[in-house]
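Notes for the one structure printed next.
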Amino acid sequence: MRFAISIPQFVADGTFDPAAFRSYVRRAEELGFESGWTQEQVLGTAPHLSANETMAYAFACTERLRLGCAVYVTPLHIPAHLAKSLATLDQLSRGRLEVGVGSGGRNRPFAAFGLDDEAHVARFTEGIRLVKALWTEDVVDFDGRFWQLEGASMQPKPFQKPGPPLWFGGSHPNALKRAVKHGDGFFGAGSSTTAAFAEQVKTLREVLAEAGREDFQVAKRVYIAVDDDGDAARRRVADGLAEIYGKRGLEAVAVAGTPDECVAGVQEVAAAGAELILFTPFADQAEQMERLAAEVMPRI
């Protein structure tokens, strides 16, 4: 079992604390977390630092910790720009980058990015194909529906060959098929219950068997709060989820309670098929990270 931790990104204007951030990511490395993960949010009312710049800062503060974003809504990106940015991060970190991607669905503000919501899945898959081509081919000739390149080249390629691991999000069976066809792993959403995740993994394994693939990873984001007062932890989860998703009644997607209750909840996620668990606390992230490492992870 491997463990990851979310990287602090919610920072109000003028309040970023460089020393605290450096301490957090270095401590995550010391505690044995395999990776730290950011999220992407360009537009929104919450003060949210950009994923790439946050990872670049964190890479400079650490030596072994892998870092990733779960997930980039890639239809909102120009593939050539995204390929270049990610290759640069992978070079600067000497191959410590992980990349999560997702189509984003129809509820994204496409018009703000000069797009419409038509054919967003086709745009998603074509964009991934183009990013991978730029990462692996010396000369790229690409005649796509949305993008066309002739005799193009991008250097340097990513440090990792053929590129950083690609984790796919999504829950629909077609999304799972795309993950197996184009990706290296599947990342279960934090908004999915453990039971729903277990069903996704079951479908995923069927698709993997049909494709004859074994080199594939499975991960799950777990919103979590651990407290000696289990009710206080559950209140923290309820408030945190309401702030993120704008509604209440989502507590079933998270793990919360006393250390024993959290161990039981995380064990269920592992039993459902997660090989990597990304812990995402809502508040007091540094203190929660310490408790997870001391009181939960050793018992999974």
Side-chain angles (χ1 to χ4, degrees), residues 9 37-44 48-60 66-170 174-175 177-187:
Q9 287 178 271
W37 290 76
T38 60
Q39 296 180 338
E40 181 182 60
Q41 177 187 295
V42 178
L43 301 175
H48 194 276
L49 298 178
S50 172
N52 283 8
E53 288 79 359
T54 301
M55 286 192 292
Y57 196 111
F59 276 135
R66 299 184 66 81
L67 292 165
C69 175
V71 297
Y72 295 99
V73 181
T74 56
L76 304 182
H77 292 263
I78 297 173
H81 283 159
L82 184 62
K84 183 68 173 183
S85 180
L86 296 178
T88 299
L89 280 173
D90 202 46
Q91 284 288 339
L92 294 175
S93 67
R94 301 289 290 178
R96 290 191 280 145
L97 181 65
E98 306 272 341
V99 179
V101 296
S103 65
R106 293 183 177 274
N107 60 341
R108 300 288 171 172
F110 288 96
F113 297 85
L115 306 169
D116 58 44
D117 64 358
E118 295 300 319
H120 71 279
V121 173
R123 184 182 292 272
F124 169 67
T125 54
E126 184 176 309
I128 294 299
R129 287 175 45 229
L130 179 51
V131 166
K132 293 170 78 171
L134 289 166
W135 281 352
T136 58
E137 299 175 17
D138 289 334
V139 178
V140 177
D141 293 307
F142 192 93
D143 186 17
R145 174 179 173 184
F146 306 100
W147 298 283
Q148 299 81 39
L149 287 78
E150 183 176 350
S153 181
M154 190 197 79
Q155 297 291 343
K157 307 297 187 189
F159 187 87
Q160 299 174 86
K161 309 301 182 190
L166 283 177
W167 297 82
F168 277 57
N174 289 341
K177 291 178 182 178
R178 287 192 293 271
V180 171
K181 183 176 181 180
H182 299 287
D184 303 297
F186 168 69
F187 222 117

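Quantities reported herein were computed from a predicted structural model and do not represent experimental measurements.
A donor-acceptor contact shorter than 3.5 Å links the side chain of R96 to the backbone of F59. Proximity of a side-chain donor or acceptor of K84 to a complementary backbone N or O of P79 within less than 3.5 Å is not detected. For the pair S153 (side chain) and V139 (backbone), a donor-acceptor distance under 3.5 Å is absent. Panel note: side chain T38, backbone G68; a donor-acceptor pair is recorded below 3.5 Å. With K157 contributing its side chain and E137 its backbone, the two residues share a donor-acceptor pair below 3.5 Å. No side-chain donor-acceptor contact under 3.5 Å links Q160 to the backbone of P165. At distances below 3.5 Å, not a single donor-acceptor pair connects side-chain atoms of S85 with backbone N or O atoms of H81. Q9 places a side-chain N or O within 3.5 Å of a backbone atom of Q39 that can act as its donor or acceptor partner. The backbone N or O of P162 lies less than 3.5 Å from no partner atom in the side chain of W135, so there is not a single donor-acceptor pair. Without hydrogens or angle criteria, Q148 side chain to D143 main chain gives no donor-acceptor distance under 3.5 Å.
Smallest separation of non-hydrogen atoms from D141 and G151: OD1-N, 2.7 Å. In this structure, V73 and G104 approach most closely via the heavy-atom pair CG1-CA, 3.7 Å. Taking every heavy atom of both residues into account, A179 and G185 meet most closely at CB-O, 4.5 Å. Between P156 and A87 the shortest heavy-atom distance is O-CB, 3.8 Å. Here the shortest heavy-atom pairing between R123 and P75 reads CD-O, 3.5 Å. Of all heavy-atom pairs between A122 and T125, the closest is O-OG1, 3.2 Å.
Inter-residue side-chain proximity for F146 and L130 is flagged as unmet; no heavy-atom pair is nearer than 4.5 Å. Here the side chains of F124 and R178 are in contact, with some heavy-atom distance below 4.5 Å. Side-chain contact between L67 and Y57 is absent, with no heavy atoms from C-beta onward closer than 4.5 Å. Taking the side chain as every heavy atom from C-beta outward, Q155 and D138 approach each other to under 4.5 Å.
The distance from atom CD of E98 to atom CG of D90, rounded to the nearest 0.5 Å, is 9.5 Å. Between R108 atom CZ and L115 atom CG the span is 13.0 Å, to the nearest 0.5 Å. F187 contributes atom CZ, which lies 4.5 Å from atom CH2 of W37 (distance to the nearest 0.5 angstrom). Going from atom CZ of F159 over to atom CZ of R94 covers 4.0 Å, rounded to the nearest 0.5 Å. Atom CD1 of I128 sits about 7.5 Å away from atom CG of L82, to the nearest 0.5 Å. One finds the CG atom of L49 at 4.5 Å from the OG1 atom of T54 (value rounded to the nearest 0.5 Å).
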*Under the side chain to side chain contact (heavy atoms under 4.5 Å, CB included) criterion, do L97 and M55 qualify, and how do the steps go?*
CA-CA 9 Å; L97 181 65; M55 286 192 292; 4.1 Å; yes

*Stepwise, does the side chain to side chain contact (heavy atoms under 4.5 Å, CB included) test hold for T74 with V131?*
CA-CA 10 Å; T74 56; V131 166; over 6 Å; no

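No donor-acceptor contact under 3.5 angstrom links the side chains of W147 and E126, judged on distance only.
The environment of CD in E150 is sparse: at most 12 heavy-atom neighbours from other residues, nucleotides or ligands sit within 6.0 Å. The environment of L92 atom CG is dense: over 12 non-hydrogen atoms of other residues, nucleotides or ligands sit within 6.0 angstrom.
Between F168 and H182, the angle of the ring planes stays under 30°, which puts this pair in the parallel group of the 30/60° scheme.
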